[in-house]
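See below for the structure under consideration.
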Amino acid sequence: MTLRVYNTLTKSKEEFQPREANKASIYVCGVTPYNYCHVGNARPYVVWDVFRRYLEYKGYEVQHVQNFTDVDDKILARAAEENKKPGEIAGKFIEEYFADLDGLGVQRAHAYPRVTEHIQDIIDMVQGLLEKGYAYQVNGDVFYDVSQFKDYGKLSGRSLAELRAGARVEVDKRKNNPMDFALWKKAKPGEVSWSSPWGQGRPGWHIECSVMALKYLGENIDFHGGGVDLIFPHHENEIAQSEAFTGQTFVRYWVHNGFVNFSGEKMAKSLGNVVSIREAREQYSGMAVRLYLLSTHYRSPIDFDLEKLSAAQKGWERLQNVWKTLEQVLGKEGGQLPAPAPEDMGERGEKLLTEAQEALNRFEEAMDDDLNTALAVGVLFDLSREINSFLREPATTGEEKAVLAQARQIFQTISGVLGLVPAAELGDEGELLDSLIKIIIELRQEARKNKDYARADRIRDRLAKLGIVLEDAPQGVRYRRK
RNA sequence: GGCGACGUAGCCAAGCGGUAAGGCAGAGGACUGCAAAUCCUUUAUCCGCCGGUUCAAAUCCGGCCGUCGCCUCCA
């Protein structure tokens, strides 16, 4: 099966044909680090994380690049406010970005280029555009001349005429055409700036992505992504710059995710209705946030509220219980037991194996269809039910365990591609804690055996207060952290 | 005004021509010393409204209503 993705450029689902066999290049527009990331910001990064994992699952060697816009008006403003250097602000929030996204299980991209580290590359490209007649200089500012690029508007489906008619912004008189945009901005007094052939200044917003995408991934890259709001003008302008400069198609597949709304409006810092990732995580686990985001198809808008996170939290706990139960029955490693012969695995074993294999097929089908993670999540829950159902009666024979191990492998594969994997929450000190809890459980079991339920319940209650939940499951006592 | 998306059970959400996945919540049952976890059963005669096409439509076409996004910085 081949992966089909919805391409904003053609407004249709297309089969993914990589630029280079077995390789996939991804460029995702990153954040401007001037504040903490909110849940809306996180969506594209979670989506692209899954996209990347799935491509890798399908055998592609992926190059994933994501920028940081580490100099821009908002950073400058915040720096001025706090009496700090812009670089300090950017540096701090880049760190926070990683901390937050790590918590959602987002793998690191292969490169995170920053604007301030590519000033010369940017100047070179602007210079190139000037030489080719696609740009003009006015008094230290350099603008892109959209009238020179015949395909302008092809991504957002607008014509220059329409754009002009709909313009809601005061026209900058220095521009030839209202839709022209800045490639290089002349520095205001006292602002951070770099010297250039046009005087002191800094890059415009759009040029950085063209420069860095071309530098790290080359021409004709496979995927370029970001939120739908970036289609116009940002991505439209990137196309204009890059294709004018190289004469090649810039991007093969443009992929845009829908917004996260909050109380009916999009969640955006400018509207002030944001919930930061760390706020959400005060109450809910990172995996719950991730599950919430993946429970809706990436192109649909998704409405945020904390109660939905609560539902996702419950769902995640269910998934997590499957991991824990399997671990309890099969041990931490396992999983590699040889597949039993069909005639040896018994009726229920055969059923489980069939269901599990079918789940994997359904999973791939869902993901191949424009990364339908919502359906894929459904498959994962189906598989969970099959596994739990099988475990109602403990697996006794070696064959049954082997079947279970196979099912676990599929469960882990699907979970892994979706990135819904329990963190090693207990860490190093967990070893000790784990042993201690086991001792307590043992003592409680003795009390239960002696029908000293008051004592048994007291132990359970007091552990519960510490956030450690005991469950007397048919397979034995199990504990988990709340 | 132009461009675009969406409207499926109490809530969330798949399905996009063949007779409604999944999650959360609710109800009943099984298991359990109790609880938790888990399993089973159950919860939309129907997919915003009105027409049309078709043997067959939530799915296609037309109209209407409603919500949202983009056209300006924004994931």
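In what follows, every chain begins at residue 1, and chains take the letters A, B, ... in the order their sequences are listed.
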(message) So Pro422(A) and Gln320(A), do their side chains get closer than 4.5 Å, heavy atoms only?
(response) yes
Which part of the nucleic acid, if any, lies within contact of [X], taking any heavy atom under 4.0 Å across all strands shown: a base, the sugar-phosphate backbone alone, or nothing?
| X | result |
| --- | --- |
| Lys74(A) | sugar-phosphate |
| Gly225(A) | nothing |
| Arg455(A) | nothing |
| Leu391(A) | nothing |
| Tyr45(A) | sugar-phosphate |
| His256(A) | nothing |
| Val260(A) | base |
| Gly226(A) | sugar-phosphate |

Distance between [atom1] atoms of [N] and [M] (Å, rounded):
| N | M | atom1 | result |
| --- | --- | --- | --- |
| A21(B) | A44(B) | C1' | 14 Å |
| U42(B) | A20(B) | P | 14 Å |
| G2(B) | U43(B) | P | 46 Å |
| A14(B) | C47(B) | C1' | 12 Å |
| G23(B) | G66(B) | P | 36 Å |
| A9(B) | C3(B) | P | 30 Å |
| G63(B) | G4(B) | P | 13 Å |
| A56(B) | C70(B) | P | 42 Å |

Checking base pairs now: Watson-Crick or wobble, both atom distances under 3.5 Å. What partners [N]?
| N | value |
| --- | --- |
| U53(B) | none |
| U38(B) | A30(B) |
| U67(B) | A5(B) |
| C24(B) | G10(B) |

Distance in angstrom units between [X] [atom1] and [N] [atom2], rounded:
| X | N | atom1 | atom2 | result |
| --- | --- | --- | --- | --- |
| Gln328(A) | A37(B) | CD | P | 15 Å |
| Arg318(A) | G23(B) | CZ | P | 5 Å |
| Lys314(A) | A36(B) | NZ | P | 12 Å |
| Ile302(A) | C6(B) | CD1 | C1' | 14 Å |
| Arg385(A) | C40(B) | CZ | P | 6 Å |
| Trp254(A) | C70(B) | CH2 | P | 18 Å |
| Arg392(A) | A37(B) | CZ | P | 14 Å |
| Asn321(A) | A35(B) | CG | C1' | 15 Å |

(request) Examine Tyr292(A) together with Phe304(A) and report whether their ring centres are nearer than 6.0 Å. (result) yes
Considering only [options], which nucleotide approaches the side chain of [X] most closely?
| X | options | value |
| --- | --- | --- |
| Tyr453(A) | G33(B), C24(B), A14(B) | G33(B) |
| Phe381(A) | A36(B), A13(B), G23(B) | G23(B) |
| Pro233(A) | C73(B), A36(B), A75(B) | C73(B) |
| Asn372(A) | A36(B), G15(B), C70(B) | G15(B) |
| Ser300(A) | A14(B), G2(B), C73(B) | A14(B) |
| Glu265(A) | G69(B), A75(B), G33(B) | G69(B) |

(message) Please compare Val469(A) and Asp457(A) by the position of their nearest nucleotide in RNA chain B and report the one closer to 5'.
(response)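 It is Asp457(A) whose nearest nucleotide is closer to the 5' end.
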(request) On RNA chain B, check which nucleotide each of Arg362(A) and Phe259(A) is closest to and give me the residue with the more 5' one. (result) Arg362(A)
Does [X] make a side-chain donor-acceptor contact with the base of [N], cut-off 3.5 Å?
| X | N | answer |
| --- | --- | --- |
| Arg460(A) | A35(B) | yes |
| Asp303(A) | C12(B) | no |
| Asn261(A) | G69(B) | no |

(message) Going by side-chain hydrogen bond (donor to acceptor under 3.5 Å, both in side chains), Asp472(A) matches just one of Arg478(A), Arg444(A), Gln445(A). Which one?
(response) Arg444(A)
(request) Establish, for the pair Arg43(A) and Phe259(A), whether the NZ or CZ atom is under 6.0 angstrom from the six-membered ring centre and no further than 45 degrees off its axis. (result) no
(message) Taking the six-membered ring of Phe232(A) as reference, does the cationic atom of Arg158(A) (NZ for Lys, CZ for Arg) lie under 6.0 Å from its centre and within 45° of its axis?
(response) yes
(request) Look at the aromatic rings of Phe149(A) and Tyr144(A) and report parallel, tilted or perpendicular, splitting at 30° and 60°. (result) perpendicular
(message) Just N and O in the side chain of Asn41(A): are any of them under 4.0 Å from OP1 or OP2 of A75(B)?
(response)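 Answer yes for this pair, as a side-chain N or O of Asn41(A) is under 4.0 Å from OP1 or OP2.
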(request) Tell me whether the OP1 or OP2 atom of C68(B) has a side-chain N or O from Lys266(A) closer than 4.0 Å. (result) no
(request) Can you spot which of Val62(A), Leu217(A), Val251(A), Leu55(A) makes a side-chain contact (heavy atoms from CB on, under 4.5 Å) with Phe223(A)? (result)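 Only one option passes, and that is Leu55(A).
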(request) Identify the heavy atoms of Val403(A) and Gly349(A) that sit nearest to each other, and give their distance. (result) CG1-O, 3.3 Å
(message) Under a 3.5 Å cutoff, is there a donor and acceptor pairing between the side chains of His64(A) and His110(A)?
(response) no
